[in-house]
Undergrad: 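First the structure, then my questions, so here it is.
This is a predicted model, so every value here is computed, not measured. Whatever order the structure lists them in is the order used to number ligands and atoms, beginning at 1.
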Amino acid sequence: MGTVGTLVALHAVSACVWLGGMVFAHYCLRPAARAFDPPIRLPFMADVLGRFFRFVWGAILLLVISGYGILSVQGFGSFGVHVHLMQASGIVMMLLFAHLWFAPRRRLERAVANKDWPAAARSLDQIRVIVTINMWLGTFTVLIGAGGRWL
Ligand code: HEM
């Protein structure tokens with residue numbers, strides 16, 4: 001498969017894990033979990049999201065290593081504007097995710113530990129807003145990354 005092939009495969013799988021997880025959380029998990037009362041739903045959501053967000057850290061690490069790996073093997077000048085756009089929106093996604101992890105995710109876990117359901121619900125709502133933004137940015141990033149030959 002070669003070095004670039006392996007890096008592109010790692011890159012694509014990591015993008016699938018991150019974007020697919022957000023689509024699942026937003027469109028499937030969240031609406032279904034609404035059926036449960038806050039004392040059940042909020043600890044459950046904190047647990048599920050904490051597990052998923054650890055995968056996201058792994059995906060980010062692989063996306064960065066493989067993305068810059070492809071560029072260093074192929075030559076930084078050998079790609080078109082789509083790679084700049086992917087990189088820019090990818091970095092915005094990563095910054096938003098880091099904020100999500102260090103602020104609302106941490107507050108959610110603390111509120112759940114204290115059984116403070118209104119505070120936990122507020123933090124979960126902040127996570128929802130960031131995940132929604134990242135899901136649409138991620139859709140754009142993947143379309144640009146995989147469909148870059150349109151440009
Ligand atoms: C942040 C730094 C990033 C760099 C430096 C980077 C770099 C690259 C490069 C060099 C390519 C190959 C382009 C080509 O063959 O025309 C690529 C493809 C791709 N990238 Fe990125 N990327 C980054 C972030 C992301 C992110 C955050 C995502 C999605 C969440 C993403 C999704 C993709 C996809 C889906 C492809 C197409 C893979 C394929 O051809 O099968 N990239 N990227």
Undergrad: Between the candidates I65, V142, L143, V83, which shows the shortest non-hydrogen contact distance to atom 35 (C) of ligand 1?
TA: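 Checking each option, the heavy atom nearest atom 35 (C) of ligand 1 is found in V142.
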
Undergrad: Go through ligand 1 atom by atom and flag the ones less than 4.0 Å from a non-hydrogen atom of H82.
TA: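 In order of numbering, the contacting atoms are 13 (C), 14 (C), 16 (O).
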
Undergrad: Can you list the ligand 1 atoms lying under 4.0 Å from a non-hydrogen atom of V8?
TA: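 That gives atoms 38 (C), 39 (C), 40 (O), 41 (O) of ligand 1.
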
Undergrad: With a 4.5 Å heavy-atom cut-off, do M94 and V64 have their side chains touching?
TA: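 Sidechains of V64 and M94: in contact.
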
Undergrad: Does any pair with a residue in residues 21-56 pass ring-ring contact (aromatic ring centres under 6.0 Å, His included), and if so which ones, sequence neighbours excluded?
TA: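 Listed by first then second residue: F53-F97.
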
Undergrad: With side chains defined as the heavy atoms from C-beta onward, is the minimum distance between M22 and N134 less than 4.5 Å?
TA: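 Touching, per the 4.5 Å side-chain cut-off.
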
Undergrad: Run down the list G67, A9, A12 and name the one with the heavy atom closest to atom 4 (C) of ligand 1.
TA: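 Looking at heavy atoms only, G67 sits closest to atom 4 (C) of ligand 1.
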
Undergrad: Does H11 approach ligand 1 within less than 4.0 angstrom via side chain, backbone, both or neither, non-hydrogen atoms only?
TA: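 The side chain, only.
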
Undergrad: Compare every heavy atom of H82 with every heavy atom of I144, then report the nearest pair and how far apart it is.
TA: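 Scanning both residues completely, I find the closest heavy atoms to be CG2-O, 3.2 Å.
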
Undergrad: So between V64, L85, T141, I91, whose heavy atom ends up nearest atom 26 (C) of ligand 1?
TA: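 Result: the heavy atom closest to atom 26 (C) of ligand 1 is in T141.
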
Undergrad: Within a distance under 4.0 Å of any heavy atom of G90, pick out the atoms of ligand 1 and give their elements.
TA: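 Near G90, the atoms of ligand 1 are 27 (C).
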
Undergrad: Would you mind running through ligand 1 and noting each atom that sits below 4.0 Å from a heavy atom of M94?
TA: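 Result: 1 (C).
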
Undergrad: Tell me the nearest of M86, H84, M22 to atom 33 (C) of ligand 1, using heavy-atom distances.
TA: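 Going through M86, H84, M22 one by one, M86 has the nearest heavy atom to atom 33 (C) of ligand 1.
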
Undergrad: Short list, please: which atoms of ligand 1 are under 4.0 Å from a heavy atom of L71?
TA: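 Counting from 1, the qualifying ligand atoms are 5 (C), 10 (C).
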
Undergrad: Which pair of non-hydrogen atoms, one from L137 and one from S89, has the smallest distance, and what is that distance?
TA: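 Closest approach of L137 to S89: CD2-CB, 4.2 Å.
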
Undergrad: How about R122 and W117: do any of their side-chain heavy atoms sit closer than 4.5 Å?
TA: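 The answer is no, as the side chains (C-beta and beyond) never meet within the 4.5 Å cut-off.
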
Undergrad: With a 4.0 Å cut-off on N to O distance, would you call R41 and D37 a salt bridge?
TA: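 The answer is no: the pair does not qualify as a salt bridge.
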
